[in-house]
Amino acid sequence: MHEFSLARNIIEIVTETALKNKLRTIGELVLEIGTLSGVEVTALDMALESLQPGSVLEGATIIRDIVEASARCLECQKEFIPDDFYCACPHCGSFSHEVLQGKELRIKSISGE
Amino acid sequence: MCDTCGCGSEHGEFTITGTHDHSHDHSHGHSHDHEHPHDHVHSHDHHHEQDDRVSSKSVTIETDVLSKNNLLAERNRGYFEAKRIRAINLVSSPGSGKTTLLEKIISRMSGSRKIFVIEGDQQTANDAQRIESAGAKAIQINTGNGCHLDAHMINHAVKALDPDEGSVLFIENVGNLVCPALFDLGEQMRIVIASTTEGEDKPLKYPNMFQTSDICILNKTDLLPYLDFNTEIFRKNLEKVKPGMRLLEISAKTEEGIEKIEELL
């Protein structure tokens, strides 16, 4: 459900950027979403779809770059791909790790004219 | 028009109602029309407009989607620091006992520390009324269709509530273990509350919320003799999600263990 407010934030930031750069229409928006960002991608899609008409993003193609998570074990220092926040290190079994990437929730770029 | 956040832009709808019947209807109009003047783009027949034509260009933004929320959260945090206000964000699922716990803390600490409360719920001012009856000044934010509080709402609520210098400010978030996890409010401490009636696997089911919290409270320990809840399994699950996280076992009803929370304030 918070995807709706995220979609609003996206449109707000994109609208400001478009105005600043004198873009009248936006053809493409690129988002970067990590698998551990806490965002349900289909819910975000739906929210954006419902907010696009009448906004600066009307008719724009939205591209989602999904960032796969990676983590470093704080015990054995080895890197691995976590499938969730509480996944154990496959090398030593420890639950202590730091997430290196996968929490991204960013607007990368827009293009338009 | 808000001078802090310039919220002439759309930011959803929420209402703040407080102790002095201060009603702050914060619904922003959706006036998009000035943002996309498409109408004159199509008049290509005039030669002198050729210069005005723009070709497609790409703009790098590289901005966090939550950047505006995070900026406002830092602003709130600065305000709390300057006024030496201890701001605590309480998150949990509905019915875990947040309001009862606050009622008890307020009555126990009356006389020693001034407490203010921001109550977040989708509808009703019931919780703010309960807090007021317990003896603290409270303000209610109704999020309407929203599922969480954000830094913008807190910014407005704090202005209306005007907590004293050196006081404790509890922000009781909307009962929801998913959405509030992403939204920094400017708090100094986030406390997640689970209760013994909810099952030991709550930390595993909602890892984001437990990961982003500083302290976990396990409430309703007075019911343990009547339930199959195993505190050790809960503790192990919590340890998987956030190794080293402090767990406080309490009963808001019998007040057992509440002093451990008071020490944090």
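Note on naming: letters A, B, ... go to the chains in the order of the sequence lines (proteins, then strands), and numbering restarts at 1 for each one.
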Interatomic distance, [X] atom [atom1] to [Y] atom [atom2] [nearest 0.5 angstrom]:
X: B:L238; Y: A:F95; atom1: CG; atom2: CZ; value: 12.0 Å
X: B:E62; Y: A:S109; atom1: CD; atom2: OG; value: 7.5 Å
X: A:L105; Y: B:T63; atom1: CG; atom2: OG1; value: 11.5 Å
X: A:E40; Y: B:C179; atom1: CD; atom2: SG; value: 11.0 Å
X: B:I61; Y: A:T17; atom1: CD1; atom2: OG1; value: 4.0 Å

Portion of B:Q211 that has a non-hydrogen atom of chain A nearer than 4.5 angstrom: side chain
Per-residue contact mode, A:L74 against chain B (heavy atom under 4.5 angstrom): neither
Proximal component of A:S37, with respect to chain B [non-hydrogen, under 4.5 Å]: backbone
Looking only at non-hydrogen atoms, find the nearest pair between [X] and [Y] and report the distance.
X: B:V59; Y: A:N21; answer: CG1-ND2, 3.6 Å
X: B:L204; Y: A:Y86; answer: O-CE2, 3.2 Å
X: A:I13; Y: B:K68; answer: CG1-CE, 4.4 Å
X: A:H2; Y: B:F183; answer: CB-CE1, 3.8 Å

Atom [atom1] of [X]: over 12 foreign heavy atoms under 6.0 Å:
X: A:M46; atom1: CE; result: no
X: B:K57; atom1: NZ; result: yes
X: A:I81; atom1: CD1; result: no

Which of B:N208, B:V241, B:T60 touches chain A most, by non-hydrogen pairs under 4.5 Å: B:N208
Verdict with supporting geometry, A:L6 and B:L182, side chain to side chain contact (heavy atoms under 4.5 Å, CB included): CA-CA 10 Å; A:L6 298 178; B:L182 259 68; 4.1 Å; yes
